[in-house]
S.K.: 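Got a structure for you, written out below as structure tokens; questions coming shortly.
Atoms considered below: every heavy atom in the structure, side chains included; atoms not considered: hydrogens, waters and symmetry mates.
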Amino acid sequence: MAEKVIAGPISNANGVREAVCIHTKKIFSSCRDKDCIEDLRFYPTQSAQEVLASAQGIRSGSAQLLYTFVDVEPVNFNRGYYTVDMRFYYKITLQALSGSTRYTEVEGLATFGKRVILCGGESGPKIFSSEPVADELDVQLDLTADLPTAYVEVIDPLLLSASFVDNCHYVPGVLTGVPEGILAAFSEPLILDEAQSRRVCVSLGQFSIVRLERDTQLLIPVFDYCIPTEECTVAGIGSSEDPCSIFADVDFPVDSFFPTSAVCDLDGSSGGSSGGSCGCNR
């Protein structure tokens with residue numbers, strides 16, 4: 001049986017100087033997802049609805065993820081497992097066609113909710129912190145709640161399609177409970193009720209990673225202290241350095257002036273497709 005490593009100096013271990021205990025967050029479980037979200041309801045702004053009422057057609061534009069609200073709850077009768085509920089809010093920009101080539105950009109909101117179940121372990125002890133807070137009494141804070149922390153990593157989705165339809169999926173006809181911060185992301189009020197004369201649905205492609213973490217203590221190998229190897233460059237107002245000399249050390253950004261095909265060749269071929277399904281058949 002291998003001897004258990006304890007904190008302290010280590011010799012003859014491929015450059016490892018010692019083993020130290022650190023306090024950090026440990027990932028207990030994680031998952032990744034590729035969601036093809038079909039027919040999400042598009043809630044336009046007031047001016048956008050006026051444009052859509054007389055538009056001859058609609059086509060895709062862009063989608064921006066505004067915020068993701070995350071909630072964690074334990075799963076009943078399954079200790080150590082938790083549900084992670086997520087609500088995504090998107091700012092959608094579409095092109096309303098008024099002729100064969102003429103279009104007007106319109107903005108609106110789309111929202112999508114999903115739930116996953118992950119293992120987050122259990123925490124028995126109550127944890128208190130003596131970390132002081134500025135302009136506050138130095139009180140003990142209860143940090144337990146015995147719930148892991150959920151993290152959701154999401155990139156802006158792909159706007160796959162947009163069309164005029166009678167019914168949309170996933171979101172009810174009247175959208176309520178939109179946070180003020182989401183509403184403030186639009187320059188004018190949104191139409192969130194059934195007063196829309198023409199309804200628009202959009203389909204999105206979304207990539208996400210979800211993970212559950214807990215505070216824990218880990219024993220890790222240490223090679224050396226992290227000592228910076230580069231000297232700081234002095235710049236700005238009051239600097240003794242010549243700004244032209246500083247600029248002379250900056251490489252010319254050649255890639256910014258010419259197109260690149262690196263993105264097209266990610267799959268090892270030019271213009272090829274990696275294949276696979278977007279996961280719509282759920």
S.K.: Considering non-hydrogen atoms only, spot the tightest contact between G113 and R87 and give its length.
M.R.: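 Scanning both residues, the minimum pair turns out to be N-NH1, 3.2 Å.
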S.K.: Which hydrophobic side chains are connected to I117, either touching it within the sub-4.5 Å cutoff or through other members that do?
M.R.: V75, Y81
S.K.: Find out whether S203 and I37 are in side-chain contact, i.e. whether some heavy atom of one side chain is under 4.5 Å from a heavy atom of the other.
M.R.: no
S.K.: Give the intermediate values and the outcome of side-chain contact (heavy atoms from CB on, under 4.5 Å) for residues D33 and V210.
M.R.: CA-CA 8 Å; D33 216 344; V210 186; over 6 Å; no
S.K.: Is the distance between the ring centroids of Y89 and F112 under 6.0 Å?
M.R.: no
S.K.: Looking at every non-hydrogen atom in both residues, tell me the closest pair between I191 and Q46 and how far apart they are.
M.R.: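 Reported closest heavy-atom pair: CD1-CA, 4.0 Å.
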S.K.: How would you list, by chain and number, every residue that makes a side chain to side chain donor-acceptor pair (under 3.5 Å) with K26, sequence neighbours excluded?
M.R.: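 Partners of K26 by the side chain to side chain donor-acceptor pair (under 3.5 Å) criterion come out as none, since no residue qualifies.
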S.K.: Rounded to the nearest 0.5 Å, what separation is found between the OG atom of S187 and the CD atom of E107?
M.R.: 6.0 Å
S.K.: Taking the side chain as C-beta and beyond, is there a heavy-atom pair between Y103 and S98 under 4.5 Å?
M.R.: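 When only atoms from C-beta onward are counted, S98 and Y103 do not touch, as no gap falls below 4.5 Å.
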S.K.: Under 4.5 Å between any side-chain heavy atoms of Y82 and C119, yes or no?
M.R.: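 Side chain of Y82 against side chain of C119, heavy atoms only: no contact under 4.5 Å found.
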S.K.: D39 versus V165: any side-chain heavy-atom pair under 4.5 Å?
M.R.: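 No, their side chains stay 4.5 Å or more apart.
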S.K.: Would you please name every residue forming a side chain to side chain donor-acceptor pair (under 3.5 Å) with E188, sequence neighbours left out?
M.R.: S47
S.K.: Minimum heavy-atom separation for L190 to Y43, with atom names?
M.R.: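 Looking at all heavy atoms of both residues, the closest pair is CD2-O, 3.6 Å.
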S.K.: I'd like to know if the side chain of R102 and the backbone of L97 have a donor-acceptor N/O pair within less than 3.5 Å.
M.R.: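 The answer is no, because no donor-acceptor pair under 3.5 Å joins these two groups.
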S.K.: For P148 versus R214, what's the shortest heavy-atom pair and its separation?
M.R.: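 Answer, listing the atom of P148 first, then R214: CD-NH2, 3.4 Å.
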S.K.: Looking at F164, does the NZ or CZ of R199 lie under 6.0 angstrom from its six-membered ring centre and within 45 degrees of the ring axis?
M.R.: no
S.K.: Which distance, rounded to the nearest 0.5 Å, do you find between the SG of C201 and the CD1 of I58?
M.R.: 11.5 Å
S.K.: I want to check a possible cation-pi pair here: K91 against F186, using under 6.0 Å from ring centre and within 45° of the ring axis as the test.
M.R.: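 Ring-cation test returns yes.
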S.K.: Under a 4.5 Å cut-off applied to non-hydrogen side-chain atoms, are F42 and L94 in contact?
M.R.: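 Touching, per the 4.5 Å side-chain cut-off.
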S.K.: Give the other cluster members for Y225, using side-chain heavy-atom distances under 4.5 Å between Ile, Leu, Val, Met, Phe, Trp and Tyr residues; answer none if it is isolated.
M.R.: I227
S.K.: So which residues get pulled into I209's cluster when ILVMFWY side chains under 4.5 Å apart are joined, directly or through others?
M.R.: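 Its cluster mates, by chain and number: none.
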S.K.: Donor-acceptor pair, distance only, cut-off 3.5 Å: does the side chain of D156 make one with the backbone of Q64?
M.R.: no
S.K.: What's the spacing between L218 CG and C21 SG if we round to 0.5 Å?
M.R.: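 That separation rounds to 9.0 Å.
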S.K.: Shared ILVMFWY cluster between F28 and V116, side chains joined below 4.5 angstrom?
M.R.: no
S.K.: Considering residues, nucleotides and ligands other than Y151, do more than 12 of their heavy atoms fall under 6.0 Å from its OH?
M.R.: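 Yes - once you tally the heavy atoms of other residues, nucleotides and ligands closer than 6.0 Å, there are more than 12.
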S.K.: Contact between V70 and D85 at the side-chain level, heavy atoms closer than 4.5 Å - yes or no?
M.R.: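 SC-SC contact between V70 and D85 ruled out.
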S.K.: About how many Å separate OH of Y90 and OG1 of T111, when rounded to the nearest 0.5 Å?
M.R.: 7.5 Å
S.K.: For residues L159 and I92, determine if any side-chain heavy atom of one lies less than 4.5 Å from a side-chain heavy atom of the other.
M.R.: yes
S.K.: How long is the straight-line distance from CG of L204 back to CG of D35, given to the nearest 0.5 Å?
M.R.: 10.0 Å
S.K.: Does the pair S163 and R59 meet the rule for a side-chain contact (heavy atoms from CB on, under 4.5 Å), with working shown?
M.R.: CA-CA 7 Å; S163 59; R59 65 186 182 189; over 6 Å; no
S.K.: Go through L118 and C31 one step at a time and tell me if the side-chain contact (heavy atoms from CB on, under 4.5 Å) criterion holds.
M.R.: CA-CA 8 Å; L118 292 173; C31 64; 4.0 Å; yes
S.K.: Could you walk me through whether D215 and H23 pass the side-chain contact (heavy atoms from CB on, under 4.5 Å) check?
M.R.: CA-CA 7 Å; D215 285 349; H23 178 266; 3.6 Å; yes
S.K.: Is there a continuous path of hydrophobic side-chain contacts, each under 4.5 Å between heavy atoms, that joins V178 to L66?
M.R.: yes
S.K.: Please give me the minimum heavy-atom distance between A162 and S60, naming the atom from each residue.
M.R.: N-OG, 3.6 Å
S.K.: Kindly indicate whether the side chain of R41, heavy atoms from C-beta on, has any atom under 4.5 Å from the side chain of L175.
M.R.: no
S.K.: Please identify each residue that fulfils side chain to side chain contact (heavy atoms under 4.5 Å, CB included) with A48, with sequence neighbours left out.
M.R.: P44, T45, V106
S.K.: Return the CZ to CZ distance between F207 and R32, rounded to the nearest 0.5 Å.
M.R.: 10.0 Å
S.K.: Testing V84, T149, I27 one by one against L212 for a side chain to side chain contact (heavy atoms under 4.5 Å, CB included), which residue passes?
M.R.: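 That would be V84.
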S.K.: Under 3.5 Å, side chain of S30 to main-chain N/O of R211, donor-acceptor pair present?
M.R.: no
